[in-house]
Protein chains: 2
Amino acid sequence: MIEKKKKYHHGDLKEQLVESVRQLIESHGPDGWSIAEACRSAGVSTAAPYKHFKDREEILHEVILSGMRRMGEAMQAAADAYPAGDPERIVALGKSYIDFARSEPGIFALMFGMAGSRIEAPKLTEEGRGKFAIVIRVVAEHMGRSQDDPAVNARAYALWCAVHGHSFLALDGKADKTEITVSEDDYLHLVGAAFLPPTKTD
Amino acid sequence: MIEKKKKYHHGDLKEQLVESVRQLIESHGPDGWSIAEACRSAGVSTAAPYKHFKDREEILHEVILSGMRRMGEAMQAAADAYPAGDPERIVALGKSYIDFARSEPGIFALMFGMAGSRIEAPKLTEEGRGKFAIVIRVVAEHMGRSQDDPAVNARAYALWCAVHGHSFLALDGKADKTEITVSEDDYLHLVGAAFLPPTKTD
DNA sequence: TTGACTTTGTTAGCGGTACTAACATATGTG
DNA sequence: CACATATGTTAGTACCGCTAACAAAGTCAA
């Protein structure tokens with residue numbers, strides 16, 4: 001019975017490299033990784049990755065993309081946990097966003113800080129669009145309006161910004177250690193109430 | 001008449017290196033710079049910077065710090081352009097924030113994306129605190145309450161998050177090219193009105 | 001089965017980068 | 001002027017991204 005007999009061909013190198021890089025990013029920061037180090041942890045030579053990726057940036061894209069998919073699933077799950085119209089649904093959606101940022105701060109920073117900046121990756125922007133679509137849909141259902149309604153769009157965007165802004169500021173300790181006294185839960189409810197007054201019935 | 005006769009001593013290397021790095025960051029992205037390249041543009045050897053900075057990170061700190069100071073001044077100037085209580089004052093403050101993010105996207109990303117992450121720089125967090133203090137003060141004056149009032153704190157924080165979130169999302173083109181239809185001006189007024197209702201008089 | 005083709009590894013090496021050590025030159029102060 | 005200090009240089013180390021040339025393993029049809 002060969003458990004992990006050293007094979008010449010790794011068998012699953014591409015995915016393992018992505019996972020190794022992900023771990024390195026979480027433990028040493030968005031820039032605290034190298035192809036060489038990921039290779040070491042995967043037990044292959046430093047040239048091996050180039051059979052699967054064009055360059056460093058392409059590896060990073062894959063890592064970010066996997067993060068976006070995880071985040072999208074978390075948001076979807078959070079929204080599904082409450083019925084349409086329940087104000088807590090919006091709050092839960094925001095919480096899932098923030099929770100992801102807190103549990104995977106390195107990837108989160110890369111996803112939205114654009115690390116290398118000016119990344120021209122259609123797949124990434126497409127994934128981002130998909131996540132905004134979730135917010136749009138939840139807001140539309142909450143307000144009982146069409147997803148195309150400008151008011152829905154504006155409020156969904158405002159919610160996104162408020163949640164995203166808090167996520168970012170909370171990460172660096174900007175929110176904890178300065179003079180901010182409002183709790184996260186209170187903040188989320190304040191924001192939800194501000195942009196989605198429950199009196200909306202027309 | 002010696003204009004720029006090659007002197008052995010540069011005379012102002014420290015500041016010029018910071019400026020060179022700043023330019024490189026704006027033209028090639030937050031990670032698109034190297035000490036070597038900055039040295040080339042300053043006309044010195046690659047070892048020269050180490051007489052002024054401990055390492056790469058310390059150079060970056062200085063660059064980020066200078067950006068924070070510029071941003072703080074811009075915010076202060078924007079707030080000073082309107083009298084206390086004028087709702088446009090809040091909007092102008094938010095605009096100045098966004099304008100800075102747009103005019104210096106590279107530095108902005110580093111300031112809040114924490115690029116290298118986990119930067120333990122008291123001077124940086126202190127500068128950040130100072131900028132939040134501006135918002136607190138403006139909101140307190142607007143609401144006619146003390147700066148210590150929890151309601152002031154919560155609203156100031158919400159405004160900060162909303163503006164910061166928009167700045168970040170707007171930079172990567174996430175806000176322009178997706179289905180977001182609300183204009184920036186409308187967004188700012190919506191946010192301002194949501195958190196600072198003009199009916200506040202008690 | 002076998003033998004060609006493809007895939008996925010390897011080693012060796014190039015050029016670029018951060019940083020250090022040892023040395024050289026300018027500046028300022030008694 | 002003499003000497004200490006500040007600020008530059010050259011030379012060298014170690015690491016990294018990436019490529020080229022080669023080797024082993026998997027695939028598939030005759």
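Protein chains get the first letters and strands the later ones, always in sequence-line order, with residue 1 at the start of each.
- Contact annotation: A:His52 reaches the phosphate of C:dG9 (side-chain N/O to OP1 or OP2, under 4.0 Å).
- Judged as a side chain to side chain donor-acceptor pair (under 3.5 Å), and not counting sequence neighbours, the contacts of A:Gln23 are A:Glu19.
- Every residue meeting the salt bridge (charged side-chain N to carboxylate O under 4.0 Å, His left out) condition with B:Glu184, not counting sequence neighbours, appears here in chain and number order: B:Arg102.
- Checking D:dT9, C:dG9, C:dT11 against every side-chain atom of B:Ala48, the shortest atom distance belongs to D:dT9.
- Rounded to an integer number of Å, the gap from CG of A:Leu13 to P of C:dT7 is 16 Å.
- B:Asp12 places its CG atom 17 Å from the P atom of D:dA6, with the value rounded to the nearest Å.
- The list of salt bridge (Lys or Arg N to Asp or Glu O under 4.0 Å) pairs with a residue in residues 185-196 of chain B, not counting sequence neighbours, reads B:Lys95-B:Asp185.
- If you measure from atom CZ of B:Phe53 to atom C1' of C:dT17, you get 18 Å, rounded to the nearest angstrom.
- Stacking of B:Arg56 on the aromatic ring of B:Trp33 is recorded, both the 6.0 Å distance cut-off and the 45° axial limit being met.
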Tabulate below the donor-acceptor pairs under 3.5 Å that side-chain atoms of residues 78-87 of chain A make, not counting sequence neighbours, or state none.
residue, atom, partner, partner atom, Å
A:Asp80, OD1, A:Gln76, NE2, 3.1
A:Asp86, OD1, A:Glu88, N, 2.8

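- Mapping B:Ala47 and A:Lys54 onto DNA chain D via the closest heavy atom, the residue that lands nearer the 5' end is B:Ala47.
- If you measure from atom NZ of B:Lys51 to atom P of C:dA21, you get 11 Å, rounded to the nearest angstrom.
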Output a table of nitrogen or oxygen pairs between the protein and nucleotides 13-17 of chain D separated by less than 3.5 Å.
residue, atom, partner, partner atom, Å
D:dC16, OP2, A:Arg40, NH2, 2.9
D:dG17, OP1, A:Ile35, N, 3.2
D:dG17, OP1, A:Arg56, NE, 3.2
D:dG17, OP2, A:Ile35, N, 3.2
D:dG17, OP2, A:Ala36, N, 3.2

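- Legend: residues meeting ring pair (Phe, Tyr, Trp, His ring centres under 6.0 Å) with A:Phe53, ordered by chain and number and at least two apart, are absent.
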